[in-house]
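Heads up: the structure comes next, in structure tokens.
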2 protein chains.
Amino acid sequence: MSTAEETAGGETSAWGEVTPDAARRLLIAAVEAFAERGYHATTTRDIAGRAGMSPAALYIHYKTKEELLHRISRIGHEKALDILRTAARREGTPAERLADAVSSFVRWHAGGRTTARVVQYELDSLGPDARAEILALRRQCDAEVRAIIEDGVAAGDFDVLDVKGTTLAVLSLCIDVARWFNVDGPWTPDEVGALYADLVLRMVGAK
Amino acid sequence: MSTAEETAGGETSAWGEVTPDAARRLLIAAVEAFAERGYHATTTRDIAGRAGMSPAALYIHYKTKEELLHRISRIGHEKALDILRTAARREGTPAERLADAVSSFVRWHAGGRTTARVVQYELDSLGPDARAEILALRRQCDAEVRAIIEDGVAAGDFDVLDVKGTTLAVLSLCIDVARWFNVDGPWTPDEVGALYADLVLRMVGAK
DNA sequence: CGGCTCGCTAAGCGCTCGCTCAGCATCGGC
DNA sequence: GCCGATGCTGAGCGAGCGCTTAGCGAGCCG
């Protein structure tokens with residue numbers, strides 16, 4: 001748990017579904033290592049060492065190093081999709097729902113930067129089958145955001161030239177937070193979330 | 001040259017400063033390989049093979065594999081800085097200069113996606129000294145964009161809540177193009193450049 | 001034409017990688 | 001109190017890594 005604090009920010013519970021305990025410790029260690037050095041630069045000895053185990057212990061819970069990345073990526077994308085879906089389907093005007101989606105999505109990328117980095121930037125390290133599965137989740141994320149923007153356009157609340165392109169730009173803006181956000185920097189995740197919600201409302205021409 | 005077309009898009013000449021010819025071929029091969037598989041997943045045998053040489057030939061022109069990445073990163077960042085500086089210092093209103101900066105910066109990231117990917121996403125694979133040198137170039141890129149936005153605010157043309165944060169978001173939006181842009185996708189680099197210039201003018205509340 | 005330089009190759013060194021396997025400690029069921 | 005299942009370790013395998021070195025052939029200079 002103590003090693004998980006840095007990693008998961010306020011979202012340690014996100015890994016609660018991973019059992020048994022040793023498998024969860026290995027997974028959290030892998031998230032930290034992948035985020036710090038990248039998937040290919042991380043060794044199985046490093047992961048096992050961070051989890052306080054011998055290198056061989058990893059292979060009791062996971063078939064390969066890639067399976068670890070796959071599990072991390074799927075759980076992370078499901079969490080991201082859940083965040084967007086919750087915001088998209090709540091009550092409120094399209095502008096309120098879009099602002100909610102962006103600010104909570106950004107808070108997740110900033111606060112859980114370690115996890116988000118792995119989830120968003122190590123996709124190409126997966127094999128073809130696993131990558132295809134994850135890409136399907138990404139398309140669902142895209143669909144949720146696009147639905148809000150389309151609602152806003154249909155209601156006359158938004159003024160958008162290219163719905164598809166704008167949707168992509170909004171998601172792109174949020175995702176890139178995981179690349180540059182620094183815990184020791186001048187902003188809290190909440191502040192970045194609020195700033196970005198304002199910027200996105202401007203991008204869609206919210207009235 | 002034929003191998004360079006895919007890589008550099010319309011910017012093959014960007015590597016013209018690298019001599020002799022064998023060193024340039026190795027560097028272009030490295031850009032392609034790093035962009036496809038990432039720095040750590042690329043082997044020196046792969047780079048040499050793409051350049052039509054034996055693995056040992058690499059070490060006649062470069063001391064280490066990391067020196068290749070360092071050279072690629074420095075040349076790429078200098079080119080990116082040049083693009084932003086040219087747009088920032090031309091004649092015109094702040095809105096015109098910002099639109100020019102964003103559209104040309106985005107065109108570079110989309111058209112030269114292979115190069116841009118390496119330049120923007122493999123920074124952490126450099127050692128501390130090389131990374132520090134590159135980060136200095138990045139801060140200069142940031143300063144150029146911020147100067148345009150500050151000009152617009154001072155002139156009363158822009159309406160911005162947080163200049164520093166908005167500058168970061170604008171650059172972040174442009175840089176992330178290198179991650180998602182697909183040459184076979186629905187947009188040309190010019191189209192993305194135009195769309196993004198419009199979105200950024202909305203973000204700064206251009207009148 | 002002989003000899004030197006320069007760009008390159010074939011071979012391989014030392015190392016670390018992902019992963020395996022035989023064996024040991026622990027513990028619940030009977 | 002014994003027994004098999006479970007979770008883990010220590011040792012190490014084969015492969016592939018970054019990089020080195022000895023030597024070879026082409027080209028220029030005298």
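Throughout, protein chains are lettered first and strands after them, A, B, ... in sequence-line order, and every chain is numbered starting at 1.
Here A:Ser172 pairs with B:Asp176 under the side chain to side chain donor-acceptor pair (under 3.5 Å) rule; sequence neighbours left out. For B:Asp46, the salt bridge (Lys or Arg N to Asp or Glu O under 4.0 Å) partners are B:Arg37, B:Arg50, not counting sequence neighbours.
A heavy-atom distance below 4.0 Å to DNA chain C is reached by these residues of residues 54-68 of chain A, ordered by number: A:Ala56, A:Tyr59, A:Thr64, A:Lys65.
Proximity of A:Arg24 to A:Asp21: side-chain heavy atoms (C-beta onward) are separated by under 4.5 Å at one or more points. Between B:Leu126 and B:Glu133, the closest side-chain pair of non-hydrogen atoms is not below 4.5 Å. Contact check for B:Arg97 versus B:Asp151: side-chain heavy atoms found under the 4.5 Å cut-off. Using a 4.5 Å heavy-atom threshold, the side chains of A:Arg117 and A:Glu36 count as separate.
Note: B:Leu161 CG to A:Leu199 CG = 8.0 Å, rounded to the nearest 0.5 Å.
First and last contacting nucleotides of DNA chain D toward chain A (any atom under 4.0 angstrom from a heavy atom, 5' to 3' order): D:dC8 to D:dG12. The outermost nucleotides of DNA chain C lying under 4.0 Å from heavy atoms of chain A, listed 5' to 3', are C:dC17 to C:dC21.
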(message) Assess the residue pair B:Gln140 and B:Arg85 against the criterion (side chain to side chain donor-acceptor pair (under 3.5 Å)); give the C-alpha distance rounded to whole Å, side-chain angles, the decisive distance to 0.1 Å, and a yes or no.
(response) CA-CA 9 Å; B:Gln140 290 183 58; B:Arg85 193 164 271 167; 3.0 Å; yes
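Counting only residues at least two apart or on different chains, no side chain to side chain donor-acceptor pair (under 3.5 Å) pair has a member in residues 51-64 of chain B.
The aromatic rings of A:Phe105 and A:His109 stand perpendicular to each other, their planes meeting at an angle above 60°, with 30° marking the opposite boundary.
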